[in-house]
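In this chain, numbering begins with 1 at the start of the sequence shown.
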Amino acid sequence: MSNGGIALSLSKLSADDEILNVFGKVFESYGADITRYKSAFIKRRLDRRMGILDIKDYSDYALVLKNERREFEELFLSLSINVTNFFRDSIVYDNFRLFITPKILSNLGQSGKIRIWSAGCASGEEPYSIAIMFLNIIEKLNNFSVEIIANDISKKAIEYAQNGRYPAKSIEKLPSDIITKYFHKITGETDTEYGINPSIKSKITFRTCDILSSDSKQIDAIFCRNVLIYYEREAQELILQKFHQCLRDGGYLVLGMDETMLGRKCEKLFFPVMARERIYQKVLPNSI
Ligand SMILES: C[S@@+](CC[C@H](N)C(=O)[O-])C[C@H]1O[C@@H](n2cnc3c(N)ncnc32)[C@H](O)[C@@H]1O
């Protein structure tokens, strides 16, 4: 296949959007879509990889990407940014547990079933943390159960999450009673891992899919943390509207610490109940 077209278009590039357009086509040829990601974010990743490879020209890098799948995978990995950890920003979990879970429990109908969605769950630490938090609360109460839906567009991340085995380092900051109760030690030949116990795993359904294609309904709380940050405003609006449809009336949305609803068209769809922790509540459709 000739790559001349890409080189030609890039030689005339000046604006970021044009760079994105050309790299968008390279990604498309590998079956990936970057059109909704923030252009500044993509450009930073391109610049970083080009710096490592000592490539100065975007057109040269586009050719490398087209011809070398391994380089494409390196770049793709750096874009997905699956970085996460257990109880990330613990203050958010502490305050959600103290102030939000009692409200969720008191608003549940007869079913007693709590429904949570971890959107953009990466390698699973977030949904497992949510499951641990809820199980710790409801084990002392009768008639409650918890069901967690966790999704990510990265198949690799979901496979890792489903496997539920983590290096010792990733749980070292967890309280020892949590480790004893919810993890089991797996001693390998070279390293030690910790597996999530079936009591936690069984509460979570993992799916490889895009947030926008989810058909979840009547969700009590959505954790979508450190995902919106990679997207352009237009895509953020679509995602936030989706969350509004999926939440039950009065349901909660938890964003990442660097994410905000401020200035978004759909800002009025959510009310900030704990602004510092980025915890919002769905505003009822008839009061908008
Ligand atoms: C930085 S991680 C955040 C993980 C976790 N939520 C946290 O805060 O620790 C972002 C994850 O969002 C996923 N992601 C990005 N866009 C997505 C989309 N449209 N649908 C589903 N997952 C998405 C990425 O693959 C990545 O695993």
- side-chain contact (heavy atoms from CB on, under 4.5 Å) partner of L253, chosen from M261, K282, H244: M261
- Item | Point-to-point distance, once rounded to the nearest 0.5 Å, from CD of Q218 to CG of L247 | 9.5 Å
- Could you give me the CA-CA distance, side-chain angles and deciding distance for S59 and D57, then say whether side-chain hydrogen bond (donor to acceptor under 3.5 Å, both in side chains) is met? CA-CA 5 Å; S59 56; D57 198 295; 2.5 Å; yes
- Query: Quick one: do D54 and K56 make a salt bridge, cutoff under 4.0 Å?
  - Reply: yes
- Does some side-chain heavy atom of F27 sit less than 4.5 Å from a side-chain heavy atom of F76? yes
- Would L98 end up clustered with M257 when hydrophobic side chains under 4.5 Å apart are linked, directly or stepwise? yes
- Note on the structure: Rounded to the nearest 0.5 angstrom, the CD1-CG distance for I55 and L46 is 11.0 Å
- Looking at R97 and D94, does any basic side-chain N land under 4.0 Å from a carboxylate oxygen? yes
- Separation of I239 CD1 from E234 CD (nearest 0.5 Å): 11.5 Å
- Indicate the atoms forming the closest heavy-atom contact of S216 with I149, along with that distance. OG-CD1, 3.7 Å
- Query: Can you list the steps and then say if W117 with N151 is a side chain to side chain contact (heavy atoms under 4.5 Å, CB included)?
  - Reply: CA-CA 8 Å; W117 177 12; N151 79 304; 2.8 Å; yes
- Any side-chain heavy-atom pair of I132 and F87 under 4.5 Å: yes
- Item | Co-membership, hydrophobic cluster, residues L141 and I100, 4.5 Å side-chain | yes
- Gap separating the OG1 atom of T180 from the NZ atom of K185, nearest 0.5 angstrom: 11.0 Å
- Task: Indicate the atoms forming the closest heavy-atom contact of I158 with C121, along with that distance.
- Result: CD1-SG, 3.6 Å
- Do the charged groups of K155 and E159 touch, with an N to O distance under 4.0 Å? yes
- Message: By the definition ring-ring contact (aromatic ring centres under 6.0 Å, His included), identify the one residue from Y128, Y166, Y194 that meets it with F86.
- Response: Y166
- Message: Nearest 0.5 Å, please: how far is NZ in K242 from SG in C266?
- Response: 14.0 Å
- Nearest-0.5 Å distance that lies between atom CG in N95 and atom OG1 in T101: 10.5 Å
- Message: Would you say Y230 ends up clustered with L262 if hydrophobic residues are merged whenever their side chains have heavy atoms under 4.5 Å apart, either directly or through other cluster members?
- Response: no
- Sidechain-backbone polar pair: N197 side chain, S199 backbone, donor-acceptor under 3.5 Å: no
- Could you please spell out the steps behind the side chain to side chain contact (heavy atoms under 4.5 Å, CB included) verdict for R49 and L65? CA-CA 11 Å; R49 284 303 305 162; L65 272 187; over 6 Å; no
- Item | Min side-chain heavy-atom separation E139-N136 under 4.5 Å | yes
In residues 169-179, what donor-acceptor pairs under 3.5 Å come from side-chain atoms, sequence neighbours left out?
residue : atom : partner : partner atom : Å
K169    : NZ   : E172    : OE2          : 3.2
S170    : OG   : P167    : O            : 2.9

- Query: Tell me, do L75 and Y61 make a side-chain contact under 4.5 Å, heavy atoms counted?
  - Reply: yes
- Is it true that R165 and E193 have a side-chain N and a carboxylate O under 4.0 angstrom from each other? yes
- Does any N or O in the side chain of D210 come within less than 3.5 Å of the main-chain N or O of I153, such that one atom is a donor and the other an acceptor? no
- Connected via hydrophobic side-chain network under 4.5 Å: I91 and F134: yes
- Task: Locate the shortest heavy-atom distance separating I114 from L108; write the atom from each residue and the value.
- Result: CG1-CD1, 3.5 Å
- Between the side chain of R233 and the main-chain N/O of G263, is any donor-acceptor distance below 3.5 Å? yes
- Task: Identify the two heavy atoms, one from A150 and one from I204, that lie closest to each other, and give their separation to 0.1 Å.
- Result: CB-CG2, 3.9 Å
- Item | Output field: ring centroids F96/F223 closer than 6.0 Å | yes
- Item | Ion pair E125/R88, N-O distance below 4.0 Å | no
- Task: Of all the heavy-atom pairs spanning N107 and R248, show the shortest one and how long it is.
- Result: O-NH2, 3.0 Å
- Query: Given V83 and N226, is the side chain to side chain contact (heavy atoms under 4.5 Å, CB included) satisfied, shown in steps?
  - Reply: CA-CA 9 Å; V83 173; N226 309 295; over 6 Å; no
- Answer yes or no: is there a donor N or O on one side and an acceptor on the other, between the side chain of E237 and the main chain of K265, under 3.5 Å? yes
- Are any of the side-chain heavy atoms of L269 and V283 separated by less than 4.5 Å? no
- Item | Minimum-distance pair of heavy atoms, taken over all atoms of C246 and I222 | CB-CD1, 4.3 Å
- Item | Qualifying residue for side-chain contact (heavy atoms from CB on, under 4.5 Å) with R225, from L255, D258, V254 | V254
- Hey, is E259 close enough to R278 for a salt bridge, meaning N to O under 4.0 Å? no
- Query: Mind checking whether I211 and Y231 have side chains closer than 4.5 Å, heavy atoms only?
  - Reply: no
- Minimum side-chain heavy-atom gap I279-F99 below 4.5 Å: no
- Item | Side-chain heavy atoms of K38 within contact of Q236, under 4.5 Å | yes
- Message: Would Y58 and V22 count as a side chain to side chain contact (heavy atoms under 4.5 Å, CB included) here? Give the steps.
- Response: CA-CA 10 Å; Y58 287 109; V22 173; over 6 Å; no
